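Worksheet: one structure, shown below.
As the structure lists them, so they are numbered: ligands from 1, and atoms in each ligand from 1. The chain is numbered in sequence order, starting from 1. These numbers were taken from a predicted model, which means no experiment stands behind them.
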Amino acid sequence: MESLKSFASDNNAPVHETVFHAMMEANRGDAIGYGDDRHTLAAEKMFREHFGDGIGVFFMFTGTAANVACLAHITRPFQAVVCSDKAHLENDECGAPERFSGCKLLKLPSADGKIRVDQILPLLGSLGFQHHAQPRVISITQATELGTVYRIEEIREIADFAHEHGMYLHMDGARLANAAASLRTSLAGLTVDAGVDVLSFGGTKNGLMAAEAVVFFDPALGEAFEYTRKQSMQLASKMRYISAQFNALLSGGLWLENAVRANAMAGKLAGILNTIPGIQITQPVETNAVFARIPARAIEKLKRKYFFYVWDAPQNEVRWMTAYHTTENDIEQFAGAVKEAMAD
Ligand SMILES: Cc1ncc(COP(=O)(O)O)c(C=O)c1O
């Protein structure tokens, strides 16, 4: 029997074939380690083509490491990072941001995964008060953990606010490609052009394997980050295999193609779910995640067939995610199973 696709996470998808092929191509002969190889030079050039010449780019293995290392690099331990209460930083990094940066996370309540300037404003009262951690970075996630996206104007507003008050804007872009596909913008449009200072750029959820990057839009901010990366145990000796993946993703339109497909499949799923009585979609479906409230007994039935996460158990809210490899047929099969689970 053909195994069913997982709707649990875009992390569960395989590595994209083109990307695997690029790694095989890079797997010829010897290459200097730690990034002094032609694949890494080409990948860095590719990042400059997308984000502009004046960047500092550093490849890492995980998104958590990218977030934590760049935040640790631009802060001091008495400072604070402002983020949403839904942020990966806050919920899914096992306290690593606090451990490695020493900073306090100041989390703001968010119903849709986004934070807004009027929520951050009251925190400014701490600036200059020696008893309080000093807000230094605002961290936003694009696309958010709830699958929603910040519009360019929203990012610009937060960036301007941050800069007016001596803070930096960090973007957790684990799913930046999905956000760019959703808003039909370039990668630069949502980041450097909108005032982001430092980006954790996600490759894994878009078809790569253990390939993430930190991008500093002001190289001065990223100065000496190579040492922070090494101390963070994220300097790959066989860097060429990470770099080859980024080349495959970014040199043509693969990043966009993958993101468009993943988003479209979530949109299709939401369209079908909307026709099933008793199901309530709880977040706007703007990228590749569908959040829905469905009866507990239907969740139990469906879980016998498909693996997925219950997001909020007391609310019977589930998260279903699509990925670059999800097909129309997968969605029809899954939606059929949902209908069946809802029927009795
Ligand atoms: C919003 C967000 N940021 C970062 C990450 C990176 O996580 P990891 O350290 O597992 O690569 C994830 C992965 O699920 C994520 O959803």
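Exactly one residue among Glu154, Glu286, Glu145, Glu157 makes a salt bridge (charged side-chain N to carboxylate O under 4.0 Å, His left out) with Lys114. That residue is Glu154. When the options Asn263, Asp10, Thr287 are evaluated for a side-chain hydrogen bond (donor to acceptor under 3.5 Å, both in side chains) with Asn178, the one that passes is Asn263.
At the top of the distance list for atom 11 (O) of ligand 1, counting protein heavy atoms only, stands Gly63 N, 2.9 Å. Closest protein heavy atom to atom 3 (N) of ligand 1: Asp172 OD2, 2.7 Å. The protein heavy atom nearest to atom 13 (C) of ligand 1 is Lys205 NZ, 2.6 Å. Closest to atom 15 (C) of ligand 1 among all protein heavy atoms lies His88 CD2, 3.2 Å. For atom 10 (O) of ligand 1, the closest heavy atom belonging to the protein is Thr64 OG1, 4.4 Å.
Here Phe225 and Phe58 bring their ring centres to under 6.0 angstrom of each other. Taking the six-membered ring wherever Trp is involved, the centroid distance between the rings of Phe59 and Phe47 falls below 6.0 Å. A distance of 6.0 Å or more separates the ring centres of Trp320 and Tyr306.
Of all atoms in ligand 1, numbered sequentially from 1 with element shown, those under 4.0 Å from a heavy atom of Thr62 are 9 (O), 11 (O). Less than 4.0 angstrom separates some heavy atom of Asn11 from each of these atoms of ligand 1: 14 (O). Residue-ligand proximity, Thr141 to ligand 1, at heavy-atom distances under 4.0 Å covers atoms 1 (C).
Within the structure, ring pair (Phe, Tyr, Trp, His ring centres under 6.0 Å) pairs that include any residue of residues 13-45 comprise His16-Tyr324 (at least two apart or interchain).
On a distance-only criterion, Glu212 and ligand 1 share no N/O pair closer than 3.5 Å.
Nearest-heavy-atom check against atom 16 (O) of ligand 1 across Glu145, Gln142, Arg175 picks out Arg175.
Partners of Lys107 by salt bridge (Lys or Arg N to Asp or Glu O under 4.0 Å), not counting sequence neighbours, listed by chain and number: Glu90.
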